[in-house]
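One structure below.
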Amino acid sequence: MLIKNQWRQVRQQMSPWQAWVHLFSLYLEVLLFNVRPAESADKAAARVSQLRYWFPHVNFARLGPINLIRFFVQLCWLVFIKSGVKSLLPEPEHDAKRVVLHEQIKDAEKRSKRSKKQRIWRFLTSKAEDSVRVFGNVEGYRWLNHSVTRVLFTMIAFVVALFAVQLPTSGTSQLVILLAFWAVALWVRDLKNRGAALLMMVLSTLVSSRYMYWRITETINWDVLSDTILSLTLLTAELYAWSILILGYVQTAWPLGRKVVPLPKDTAQWPTVDVYIPSYNEPLQVVKPTVLAALALDWPKDKLNVYLLDDGDREEFAKFAKQVGANYFARQDNSHAKAGNLNNALKHTQGDYIAIFDCDHVPARSFLQLTMGWFLQSNDLALVQTPHHFFSPDPFEKNLNMFRKNPNEGELFYGLIQDGNDLWNASFFCGSCAVIKRGPLEEVGGIATETVTEDAHTALKMHRLKYKSAYLNIPQAAGLATESLSAHIGQRIRWARGMAQIFRLDNPLRGKGLSWGQRLCYSNGMLYFLNGLPRLIYMMAPLAFLLLHTYIVYAPAIMIALFAVPHLVHAYITNSRVQGRYRNSFWAEMYETVLAWYILRPTLVALFAPSRGKFNVTEKGGMNAEDYFDWEVSRPYLFLVGMCIAGFLAGIWRLFAGPTDEILTVVLNIVWISYNLIILGGAVAVAEETKQVRASHRVDVKRPISVVLEDDRVFAAYLVDYSDLGAGIQLPSECPLAEGDTCQILMLDGISQNAFEVSVMSRRGDHIGVLYQVQDQETQQSLLRATFSRADAWIGWRDYNDNEKPFTSFKEVIAIGFKGYKRMALQVSPKIQPVLQVLARMGKAIRSLLPHTPGKEVHYD
Amino acid sequence: MFIIGVQSIQSGAGASTVAAALAVALSEGGVRSYAMDLTTENALALMYGMPLDNPAGLLQSDLINTHIRDCMYENDHGLAFIPMGRMEPGAAAHLTARLDAIAANLTTWLQPLHEIGERILVVDTPREAGSLQNWVYKNAHLVLNVAAPEPRLIPALLEFEQGSLQRQFDLSVQSYVLVNGIAPHIQLTHDIADYLKMALSETMLLPLMIHKDQHVPEAFAKMQPLAKYAPAAQSTKDFAALALWLTKELVSIQDKE
């Protein structure tokens, strides 16, 4: 009777088929989850017990065929793949009932016979977990740190590793080994200590080495000459990638995380410091804040000298320096560019220590007080480097619209690699935001001039003389990132060329004075920049089979999958665990692909003729009037894209026309080339330069300030952004300020407040934009100390999610890849916009069929 | 119950303003508080909106026979206060005797308030030495000495050090100096505040200061508590911060006891 009534009710609104499905789902929900809305007090629990929670993307009101597909796909996914659903529920509070129940279960377990086995199992699991947990604890392992034990353990580890790598390479044994390794890796992945990370590195190293062993011994086709050449080419690229992977693990095994050493209370013991600010062609507007902030550093005034080193020999710079009280040096010639400029100043100054800032890196007022403590503590310390921090978006962040959302490109180096180098006493000078001790610097003959990366080379020379370096991972200066992709590429070409030059001229693997840790860290830093050729080989490799039908990996497809997939998976999950916080998975491919073509030639030239090439200055502070697509820069990628598309089509053709025993090989190659296409799409997407209308960058903050009106009324307000020219302020709505008014804003400069006159340029709602009306130097410096050079100005910028999710990153990269192709297509012909819209809708429909995390908010039609 | 004395270092430094605004800020922050006026100016009543022609208050009542509730008033916002009131015309000659009588009976008279507990009584304290000031120093947990950063402060500070401050030390009440009316955009107040930082010990000078804000006299003129008249004003936020600091301070005093 009840059912009949319900049926009638539903039939009034729906067709018979829809009504049937609707009622069925309702009854199912009642049956499965026993919904009692009136009784369930706990809201979260009630939500979980609804179908809508488990099927967030299914529209139960309109169960058409699409929604049914979604439903069944999600059902299969939930039942067979998504395990550990319990963790989705909010953790139950400790309530008495549950505890009692728990005790009862425990007792029951104790009593039952079968539980004995379980208990042993559980005991072993907890023991194993504990041992991994304790693994990261250094204290208990002090006895290990003895030369005899170290040598002994290294030898044992070496033998075991050799044994593991050489285990039989038949399909079944490989399968068993890889499953065992995989299980361990997945198990320790979420353990938050260094021991777990080290274990993952060891596993990844073993799996990858096994893969390389197999590749070298079993997969080279020696019968056909052309095949041999191609397969050796790919093998070389893989060997390169393998060594970079292993060296990377060595480098990042144990980031030191150095803390600040306090200075003595008595400032008479503080040493004298010279601040060098080299400039060549940057406008005065860019250099001004740096010089003013350097003069305002918290350091005894009689022990601080600021030098503006102008290689442009400009009248206005000399005048400015004199006006603000900085020393000014210009040179007759510009020999050896920045290095020569610094060396010239070195000759004419006397400070005990030298702080170097690029002319756009505004130092925080606390820079010297935080860095100098280490020098006073350790006598043979020659260098303290701090991160380069950028408050403007780099071309990737700007063009892909991800500023301050994801870790940026430099984050990996300054967040992790330098900190990892520090363990091996191998963190090196990066040209700016660093303090160098005069003695050691003069001992190595000043800043190195042999290469175009004078900074790293100088540090290498000092390390060879047994001096130490330190890396303090606290951003204490900030500057502008490169504005355009072409400028970014230009800068990286210089780095790549310089590093290749050092590798040739002063190879860290040879020569005196370095420890093995230092040799490996420096080598990785230099070899990394040789990635141009291997990256291109990877891009083109699948074409060898798809277009030329060459077997460059001479093995059955199933074996390739058995060896290559674990090698890749281990490398990815280990890197995600170790560096995911500093660089999301799969992004490295995109960054490197963008550069690959451009650094290829300079690095090769530098390797064969190291003394050629000149120093180019990185351009900063530019503007783009409107969006444009940099065809010039993206030309090589377009060529690669064309090749890959050809390969992809050939693959599809082979799939249908080729022999059946090749199908798996074709599929593997198609997957590979699709991945390459996605990455290339990302590289193309970056080439569309987003417009950049503001000359000075605004830094987003939320900081309480006060606004003083002309009638002396004072309002509490929030500073929401600031730049070197003005600020954005969130006012209380009662505040009557309007466009054209002037007022004072009060901001903290250290522990006291200072007032700055501003004029209101605009008001939208409660938000005003103001321009500073600051004239005298003292107020300007105070303003800098209240904004750009606040000690904590850049703290907290890097708090990205600790648990990086490789799949989410992969989705992001795919989306960016598609965006690249879309942008390119629109550039070629804007008329195809409607076609793209249809494609986008299709893509969305397909995505909507895929399983979704229960409880997520999604809306599909 | 906690008793907080608020006293000006120089005349007009703003003790009444601070006492009223602090009591309101404490109440707004969830700690029910009362303000009590022990200065004969009777300014606190005005700040709580009591008409000028109403002379009711401590001076009008005999603390032996009148109950505290007959002398405690509540404004439109439910904030309670005890005004000083005014003497009836012609009785000015007996003022000192009356004040002494108040001081003698005040502790007993406040007993009903003491029994409630967890409350704060903010007392506007007279600058001049006398029995009422003595009562505050004896009974208060803490005294805030209000300084306005203006040139008159410097001679007043000398007098304060030898007079009030000495007596506060003698009666071992915790004493702090609060700067009221800091205006970073006016160089002179800036300099005098710097001078204060040098002249006073670090622990004595409160790190938070009350801004010079036109909202304060405006609220007075409107006979409204500052927090109600201008909730978005900087001075309102300053008093909220002061209230927060005070509750933390009182917790540590309580822990010591």
Side-chain angles (χ1 to χ4, degrees), chain A residues 265 702-719 727 729-737 741-760 763 765-768 770 772-783 785-787, chain B residues 14 17 21 25 28 148-150 179-198 200 202-203 205-222 224 226-245:
Chain A
K265 280 247 151 50
K702 179 139 194 194
R703 216 175 268 163
I705 57 163
S706 321
V707 176
V708 186
L709 270 46
E710 279 180 332
D711 61 1
D712 267 356
R713 279 190 285 172
V714 189
F715 286 94
Y718 279 103
L719 182 73
I729 295 167
Q730 184 76 39
L731 291 176
S733 46
E734 298 95 310
C735 184
L737 275 177
D741 289 353
T742 57
C743 64
Q744 311 257 356
I745 58 175
L746 308 180
M747 290 196 278
L748 270 183
D749 163 11
I751 50 165
S752 66
Q753 255 184 341
N754 259 350
F756 308 99
E757 193 169 330
V758 298
S759 55
V760 181
R763 175 161 186 160
D766 294 337
H767 184 275
I768 55 168
V770 300
Y772 308 131
Q773 304 293 324
V774 176
Q775 304 303 334
D776 62 307
Q777 187 195 335
E778 203 181 323
T779 324
Q780 266 175 5
Q781 283 178 323
S782 175
L783 182 60
R785 283 196 304 256
T787 53
Chain B
T17 310
E28 298 267 293
E150 43 159 336
V179 175
N180 176 33
I182 184 78
H185 56 295
I186 300 170
Q187 193 58 43
L188 191 59
T189 74
H190 215 281
D191 293 348
I192 293 174
D194 284 346
Y195 167 79
L196 261 184
K197 273 180 208 165
M198 287 199 313
L200 295 171
E202 247 175 68
T203 44
L205 184 66
L206 283 191
L208 49 95
M209 300 180 177
I210 310 296
H211 282 85
K212 180 183 166 67
D213 185 351
Q214 197 59 24
H215 286 111
V216 176
E218 281 175 11
F220 192 6
K222 291 258 184 189
Q224 284 180 23
L226 178 65
K228 300 295 176 191
Y229 169 71
Q234 182 60 48
S235 44
T236 305
K237 309 278 176 195
D238 296 341
F239 283 116
L242 181 66
L244 205 62
W245 171 83

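Naming: A, B, ... by sequence-line order, numbering from 1 per chain. On a predicted model such as this, the values are computed, not experimentally measured, just so you know.
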Considering only heavy atoms from C-beta outward, does the side chain of [X] approach that of [Y] to under 4.5 Å?
X       : Y       : value
H185(B) : D712(A) : yes
M209(B) : Q753(A) : no
P184(B) : Q744(A) : no
H211(B) : L746(A) : yes

*Verdict with reasoning, R713(A) to D213(B), per side-chain contact (heavy atoms from CB on, under 4.5 Å)*: CA-CA 5 Å; R713(A) 279 190 285 172; D213(B) 185 351; 4.2 Å; yes

*Can you tell me if CD on Q773(A) sees more than 12 non-hydrogen neighbours from other groups inside 6.0 Å?*
yes

*asked:* Taking OH in Y229(B) as the centre, count heavy atoms belonging to other residues, nucleotides or ligands within less than 6.0 Å. Is the count above 12?
replied: yes

*Toward chain A, the part of K197(B) with a non-hydrogen atom under 4.5 Å*: side chain

*Looking at A755(A), A716(A), P704(A), which makes the most heavy-atom pairs under 4.5 Å with chain B?*
A716(A)

*Side chain, backbone, both or neither of D711(A) within contact of chain B (heavy atoms, under 4.5 Å)*: backbone

*Using non-hydrogen atoms only, which part of I745(A) is less than 4.5 Å away from chain B: side chain, backbone, both, or neither?*
neither

*At what distance, to the nearest 0.5 angstrom, does CG of D238(B) lie from OG of S706(A)?*
7.0 Å

*Do you know which of K237(B), K212(B), Q234(B), H190(B) has the most heavy-atom pairs with chain A at a distance under 4.5 angstrom?*
Q234(B)

